[in-house]
Amino acid sequence: MRKFAGERLLVATHNKGKLEEIADLLAPFGVSVVGAAELNLPEPDETETTFIGNARIKAHAAAQATGLPALADDSGIAIDALDGAPGVYTADWAETPEGRDFVMAMTRAHDELEAANAPHPRTARFCCTLVLAWPDGHDEVFEGVMPGKVVWPMRGDQGHGYDPIFQPDGYLQTFGEMDRWEKNRISHRADAFRKLVAGCFG
């Protein structure tokens with residue numbers, strides 16, 4: 001497994017919350033983090049049907065465009081009673097002409113579960129795939145998972161995306177009710193990051 005030897009890492013995301021989360025996780029290693037938006041990088045089309053495929057597209061596009069090692073994440077929620085949907089289309093469910101509306105997306109998830117008469121608990125998991133790509137085309141892949149269940153109504157205004165309807169296993173709060181640093185410590189992304197750090201930064 002290739003170790004990360006540089007001092008600057010490009011994070012291939014335009015999501016400010018995600019960038020802050022990743023910068024915080026990498027701070028102990030003395031790595032400075034720059035986001036794709038700061039470098040005016042376009043967002044590549046995510047044409048794959050898996051988290052790994054889409055993360056690879058983003059990481060390699062950013063590394064090729066800048067000559068920097070690039071870290072990309074593709075993540076989403078997979079709801080068992082919906083055959084794993086929305087999965088890689090987690091963000092797509094929120095798309096509107098005016099931008100992303102996650103209340104609409106969470107309502108759709110609930111409505112589809114109700115239409116399917118899905119039994120409780122409505123198990124689900126947040127998935128995160130991290131790909132660290134180098135400009136020479138090499139990459140390393142790390143996957144993380146946080147199991148839990150979908151609850152209704154929405155609870156909490158912390159976090160982002162589908163957090164207000166996801167209650168992680170072993171907790172009474174939804175991700176939307178949790179302090180963001182507590183969530184960052186236990187999340188699917190934290191699980192993938194522990195593997196990334198052990199593999200490439202340890």
Side-chain angles (χ1 to χ4, degrees), residues 12-22 25 43 46-58 72-96 99-131 141-196:
T13 183
H14 289 71
N15 180 318
K16 192 164 173 283
K18 197 179 282 188
L19 184 64
E20 286 176 359
E21 206 173 301
I22 291 171
L25 287 160
E43 294 192 67
E46 297 178 28
T47 53
E48 294 290 327
T49 56
T50 63
F51 293 122
I52 289 176
N54 285 328
R56 273 203 162 114
I57 286 173
K58 292 185 277 193
D73 128 307
D74 201 50
S75 51
I77 187 169
I79 302 171
D80 292 323
L82 302 182
D83 296 322
V88 292
Y89 306 108
T90 291
D92 295 344
W93 278 25
E95 292 293 353
T96 76
R100 288 178 179 172
D101 179 348
F102 280 101
V103 170
M104 176 186 79
M106 289 185 280
T107 303
R108 175 178 171 184
H110 172 68
D111 289 349
E112 291 199 11
L113 284 165
E114 289 292 295
N117 206 15
H120 292 272
R122 291 169 166 175
T123 54
R125 65 205 164 278
F126 264 118
C127 307
C128 171
T129 298
L130 293 172
V131 173
V141 178
F142 305 91
E143 295 181 272
V145 175
M146 182 75 221
K149 64 184 177 183
V150 171
V151 298
W152 196 261
M154 296 171 240
R155 299 187 342 231
D157 57 6
Q158 303 296 309
H160 45 80
Y162 295 70
D163 287 354
I165 63 167
F166 182 79
Q167 183 176 324
D169 282 354
Y171 294 83
L172 298 176
Q173 294 175 303
T174 66
F175 269 175
E177 294 171 299
M178 270 183 197
D179 172 81
R180 81 182 249 213
W181 303 112
E182 167 72 3
K183 176 204 153 183
N184 288 357
R185 195 175 59 76
I186 65 165
S187 74
H188 50 302
R189 193 165 292 123
D191 183 33
F193 250 93
R194 274 189 288 275
K195 296 168 184 171
L196 166 74

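We use all heavy atoms of the structure for the numbers below, so side chains are in, but hydrogens, waters and symmetry mates are not.
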List the residues meeting ring-ring contact (aromatic ring centres under 6.0 Å, His included) with F175, not counting sequence neighbours, and say none if there are none.
F126, F166

Mind checking what makes ring-ring contact (aromatic ring centres under 6.0 Å, His included) contact with F102, not counting sequence neighbours?
Y162

So [Y] and [X], do their side chains get closer than 4.5 Å, heavy atoms only?
X    : Y    : result
P168 : M178 : yes
Y89  : T49  : yes
R122 : H110 : yes
E143 : I52  : yes
E182 : Q173 : no

Do D73 and T13 pass the side-chain contact (heavy atoms from CB on, under 4.5 Å) test, and can you show the C-alpha distance, the side-chain angles, and the key distance before you say yes or no?
CA-CA 8 Å; D73 128 307; T13 183; over 6 Å; no

Evaluation steps, side-chain contact (heavy atoms from CB on, under 4.5 Å), between K58 and E46
CA-CA 8 Å; K58 292 185 277 193; E46 297 178 28; 3.4 Å; yes

Please list, chain by chain and in numerical order, all residues satisfying side chain to side chain donor-acceptor pair (under 3.5 Å) with E43, sequence neighbours excluded.
none

Of all residues at least two apart in sequence or in a different chain, which pass the salt bridge (charged side-chain N to carboxylate O under 4.0 Å, His left out) check with K149?
none

Could I get the full list of salt bridge (charged side-chain N to carboxylate O under 4.0 Å, His left out) partners for R194, not counting sequence neighbours?
none

Checking D169 now: which residues fulfil side chain to side chain contact (heavy atoms under 4.5 Å, CB included) with it, not counting sequence neighbours?
P147

Under a 4.0 Å threshold between the charged nitrogen and the carboxylate oxygen, would D74 count as salt-bridged to R56?
no

